[in-house]
Amino acid sequence: RQQAKRTYIVQMDKSHKPASSDDHLNWYDSSLKFVSDSADMFYTYDNVISGFSTRLTEEEAQLLEKQPGVLSVLPEIRYELH
Amino acid sequence: TTRTPEFLGLGTSEAIFPASDKVSEVVIGVLDTGVWPESKSFDDTGLGPVPASWKGECQVGKNFNSSSCNRKLIGARFFSEGYERSFGPIDENVESRSPRDEEGHGTHTSTTAAGSAVADASLFGFASGTARGMATTARVAIYKVCWLGGCFGTDILAGIEQAIKDGVNVLSLSIGGSLNDYSKDTVAIAAFAATANGIVVSLSAGNGGPSSGSLANVAPWMLTVGAGTLDRDFPAYVSLGNGQKYKGVSLYGGKPLSDELVPIVYGRNASNSTSGNLCLPGSLVPGKVAGKIVLCDRGGNARAQKGQVVKDAGGLGMILSNTESYGEELVADAHVLPTSTVGHKIGDLIKAYIHSEANPTATISQGSTQIGIQPSPVVAAFSSRGPNPITPEILKPDLIAPGVNILAGWTGAAAPTGLDNDKRRVSFNIISGTSMSCPHVSGLAALIKAAQPEWSPAAIKSALMTTAYSTYKNGKTIEDVATGSPSTPFDYGAGHVDPVAALDPGLVYDATVEDYISFLCALNYSAEQIKSVTKKDYTCDSTKTYSLGDFNYPSFAVPLQTALGSGAGVSSTVRYTRTLTNVGAPATYKVKVSSEISSVKILVQPESLSFNEAYEKKTYTVTFTAASLPSGTTSFARLEWSDGKHIVGSPIAFSWT
């Protein structure tokens with residue numbers, strides 16, 4: 001069944017990056033591809049967090065959260081002007 | 001802004017402020033709806049080359065090119081991926097896929113923080129004067145992260161990521177969302193990274209007041225800003241057929257009503273809808289409204305939109321009445337027809353008149369801008385209030401600043417009301433919110449940064465907080481417009497910002513990344529949660545006792561337990577520790593504690609601290625011994641260190657649960 005996708009912010013723990021992975025972006029991408037063939041990273045972050053933004057189904061997000069080196073998978077929050 | 005510089009003492013004490021060339025080394029990054037670069041507030045006359053350390057750029061997009069930036073507006077970028085992934089591609093007929101601000105909010109906030117001085121500014125002649133930002137020569141960098149559909153967390157995170165890379169010194173965010181644990185709050189996490197990079201992060205407290213516990217942006221590394229009024233008013237008078245005359249406010253600048261009285265009707269009685277009193281779109285029956293003044297209740301839709309609804313139905317004017325929850329707070333708007341916004345009490349009197357007369361009549365006349373209104377400041381009803389819902393041991397908001405009826409720069413793409421039908425365009429607009437108070441503090445933080453470039457974000461925040469005032473010159477506590485009664489630290493935090501005093505605070509409560517990590521340990525955060533917030537590998541020492549009371553915050557919040565089933569005489573004792581850093585000349589400071597509650601004993605040890613050199617640190621403890629009081633009880637005290645020249649003040653808030 002096709003599930004609705006929503007945006008998530010994925011925090012990665014770089015200390016878990018496998019030695020076999022040349023750079024952290026490849027590692028992020030392979031972690032993401034493990035749970036979804038179609039998802040892509042539309043932002044990567046290095047200063048504020050180590051991680052990326054992507055769109056996933058809830059099931060994919062739960063699966064990604066269990067992957068080694070994944071610190072958290074946070075649903076995106078919408079903010080408003082004050 | 002045209003009044004706040006004088007109101008804050010910026011206009012009269014230039015001598016003690018940092019030189020403009022030092023201020024021009026400071027970059028304020030504003031995450032908002034973008035920028036209208038043609039605003040005169042971005043005139044770069046007299047500014048030297050951009051700081052050598054600056055790595056930002058002027059991102060080209062629709063209606064925005066590299067020449068849109070100059071030596072004032074030194075950076076402009078936009079972040080829309082998150083928005084577009086959720087909402088679909090931006091409709092470029094409606095909003096530009098560029099840093100351009102077609103909403104107005106971002107231009108208002110950025111010019112409030114750091115706009116250049118512009119003579120003869122006003123909105124339809126209201127609030128006229130020279131408009132300037134708080135740090136007139138500071139540089140501005142805009143990060144457009146807010147779009148018609150809102151501000152998305154992924155875009156905000158990307159904006160702060162870039163702002164850190166670009167080299168901003170102060171970040172200003174007049175936005176908020178739902179409250180979350182810090183490890184799940186993307187803005188709190190990003191603000192932590194910015195703070196760890198030496199950036200002061202100032203955020204709006206929210207407009208959820210006067211409800212208690214309504215705050216946003218409460219992490220202790222954030223500078224959380226509530227809103228107060230200025231000493232300025234925009235009167236608009238209501239004259240009734242019974243001879244009574246009442247004062248309200250308005251920024252209507254068009255053709256006035258004649259002096260002749262015209263029929264007046266309550267929206268509820270001119271509608272087939274149960275919510276006709278709110279004058280929602282389509283709710284008024286033209287046949288019952290045409291040629292009349294309509295009284296509408298505040299709430300449910302935008303204030304200015306109610307005027308448009310009345311106008312569309314053929315009404316001649318509007319009286320906008322506060323309901324009980326808004327109290328007597330008068331927020332002025334650039335209405336599209338003659339309007340007077342009145343407080344709850346006057347609104348009830350006018351409603352009583354309408355109901356008592358067979359043919360009630362009224363007229364509205366616009367007055368001119370008044371200054372010197374007292375008391376001022378008063379806490380705005382809309383300003384969000386404590387206690388802190390996430391960590392009650394940290395008092396929030398941190399302070400208040402001007403946020404009611406603030407004039408600042410505006411977009412050329414939207415009307416002052418923001419209404420689509422309103423075709424008026426203005427260079428300056430007058431609006432209200434904690435969105436407006438936040439950039440005031442961002443600009444003031446930039447001034448302190450310029451004067452003391454080596455100070456940490458926590459030290460700058462402490463300087464702003466410990467020098468804030470909570471009483472008027474007559475000694476009475478700052479009022480809360482929602483109640484008409486004295487306000488409390490849950491409303492104003494440390495008090496109203498006083499930039500002149502903040503430039504010379506004497507002592508500061510400093511904090512490092514390690515202190516923030518200890519704070520997270522005191523919250524029993526796991527190593528994973530700490531890494532989520534800080535990016536650092538850290539395991540709290542299981543043999544060490546971490547206490548929220550020992551976190552070096554410039555204010556005190558003391559949650560106390562009500563002893564269930566116990567009688568009088570049961571008391572609890574809690575001990576807080578603080579460390580002060582001398583940022584002035586060698587001096588001896590003595591402590592003074594004032595409290596409104598005798599059933600809490602407050603003991604400060606030592607009572608005197610001597611500092612012999614700059615940046616010397618001294619620690620003291622405060623012991624609170626409190627009787628058990630009923631759950632829900634709150635009380636307040638104040639702790640001050642003084643060397644006779646400086647007063648380093650901290651509010652104390654007690655709450656029993």
Side-chain angles (χ1 to χ4, degrees), chain A residues 2-18 24-25 27-29 31-32 35-58 60-62 64-82, chain B residues 32-33 79 81-82 84-86 103 105-106 109 145-146 149-158 160-165 173-178 180 183-187 189-194 197 203-207 216 227 384 403 433-438 528-529 531-532 535 537:
Chain A
Q2 184 72 33
Q3 282 190 9
K5 289 196 173 193
R6 63 179 297 188
T7 303
Y8 291 89
I9 295 166
V10 183
Q11 284 188 277
M12 302 292 285
D13 184 346
K14 275 188 180 173
S15 65
H16 283 69
K17 182 173 78 69
H24 64 277
L25 294 180
W27 175 50
Y28 294 174
D29 193 50
S31 299
L32 181 59
V35 302
S36 171
D37 289 334
S38 59
D40 66 332
M41 298 185 286
F42 62 85
Y43 285 122
T44 59
Y45 309 101
D46 206 33
N47 286 289
V48 283
I49 60 166
S50 298
F52 58 91
S53 303
T54 188
R55 283 178 70 78
L56 301 168
T57 65
E58 193 176 340
E60 289 166 346
Q62 287 170 358
L64 182 60
E65 203 159 24
K66 291 174 187 151
Q67 295 307 303
V70 176
L71 205 51
S72 70
V73 180
L74 302 174
E76 182 179 52
I77 297 170
R78 196 161 111 185
Y79 294 79
E80 291 179 347
L81 300 168
H82 277 157
Chain B
D32 211 300
T33 59
F79 300 87
E81 279 289 332
E84 293 185 276
R85 296 281 176 138
S86 290
E103 206 275 352
H105 190 276
T109 53
V145 296
C146 294
C151 323
F152 286 71
T154 51
D155 294 331
I156 296 169
L157 209 55
I160 297 178
E161 168 91 10
Q162 191 61 56
I164 294 171
K165 287 181 188 165
L173 286 89
S174 292
I175 54 180
S178 55
N180 264 314
S183 64
K184 294 177 180 166
D185 182 337
T186 46
V187 170
I189 292 169
F192 186 95
N197 277 275
L203 297 108
S204 48
N207 301 332
S384 288
T434 53
S435 274
M436 283 67 245
S437 56
C438 165
E528 287 75 23
Q529 286 175 301
K531 186 149 194 177
S532 284
K535 288 181 67 186
D537 287 305

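Each chain gets a letter, A, B and so on, in the order the sequences are listed, and its residues count up from 1. For clarity, every value in this text was computed on a predicted model and none was experimentally measured.
Contact count against chain A (heavy-atom pairs under 4.5 Å) is highest for B/S532 among B/S532, B/A216, B/G433. Interface remark: of the candidates B/A191, B/A205, B/A190, B/A190 forms the most heavy-atom pairs closer than 4.5 Å to chain A. Between chain A and the residues B/G150, B/G106, B/S384, B/S174, the largest count of heavy-atom pairs under 4.5 Å involves B/S174. Of the listed residues (B/V145, B/N197, B/T154, B/I175), the greatest number of heavy-atom pairs within a distance under 4.5 Å of chain A belongs to B/T154. Counting heavy-atom pairs under 4.5 Å between each of B/L173, B/D185, B/V187 and chain A puts B/V187 at the top. Of the residues considered (B/E103, B/H105, B/K184), B/H105 shows the highest number of contacts with chain A, using heavy-atom pairs under 4.5 Å.
There is no contact between B/Q162 and chain A, counting heavy-atom distances below 4.5 Å. Neither the backbone nor the side chain of B/A227 comes within less than 4.5 Å of any heavy atom of chain A. Contacts of A/I9 with chain B are made by side-chain atoms alone, with heavy-atom separations under 4.5 Å and no backbone atom involved. If you measure heavy-atom distances from B/F192 to chain A, you find no contacts under 4.5 Å at all. Contacts of B/I156 with chain A are made by side-chain atoms alone, with heavy-atom separations under 4.5 Å and no backbone atom involved. Both the backbone and the side chain of A/I49 come within contact range of chain B, with heavy atoms under 4.5 Å apart. Interface remark: A/Q11 contributes side-chain atoms only to the contact with chain B (heavy atom separation under 4.5 Å).
Between the side chain of A/Y43 and the backbone N or O of B/E81 there is at least one donor-acceptor pair closer than 3.5 Å.
Contacts classified as salt bridge (Lys or Arg N to Asp or Glu O under 4.0 Å) and involving residues 43-58 of chain A (residues at least two apart or in different chains) are given here: A/K14-A/D46.
Here the NZ-OG distance, from B/K531 to A/S15, works out to 3.5 Å after rounding to the nearest 0.5 Å. Distance check: B/L157 CG to A/I77 CD1 gives 11.0 Å after rounding to the nearest 0.5 Å. One finds the CD1 atom of B/I160 at 11.5 Å from the CG atom of A/N47 (value rounded to the nearest 0.5 Å). Note that the NE2 atom of A/H82 and the OG1 atom of B/T109 stand 13.0 Å from one another [nearest 0.5 Å]. B/I189 CD1 to A/Y45 OH: the interatomic distance, rounded to the nearest 0.5 Å, is 11.5 Å. Rounding to the nearest 0.5 Å gives a distance of 8.0 Å between CD of A/E80 and SG of B/C151.
Between B/F152 and A/T7 the shortest side-chain heavy-atom distance does not fall below 4.5 Å. Using a 4.5 Å heavy-atom threshold, the side chains of B/S86 and A/E76 count as touching. Looking at B/K535 and A/S50, their side chains come closer than 4.5 Å, going by heavy atoms from C-beta outward. Looking at heavy atoms from C-beta onward, A/L81 lies in side-chain contact with B/C146 at the 4.5 angstrom threshold.
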Would you sort out whether A/Y79 and B/T186 count as a side-chain contact (heavy atoms from CB on, under 4.5 Å), showing the intermediate values? CA-CA 11 Å; A/Y79 294 79; B/T186 46; 3.2 Å; yes
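Among residues two or more places apart in sequence or in another chain, the side-chain hydrogen bond (donor to acceptor under 3.5 Å, both in side chains) test is passed with B/N180 by none.
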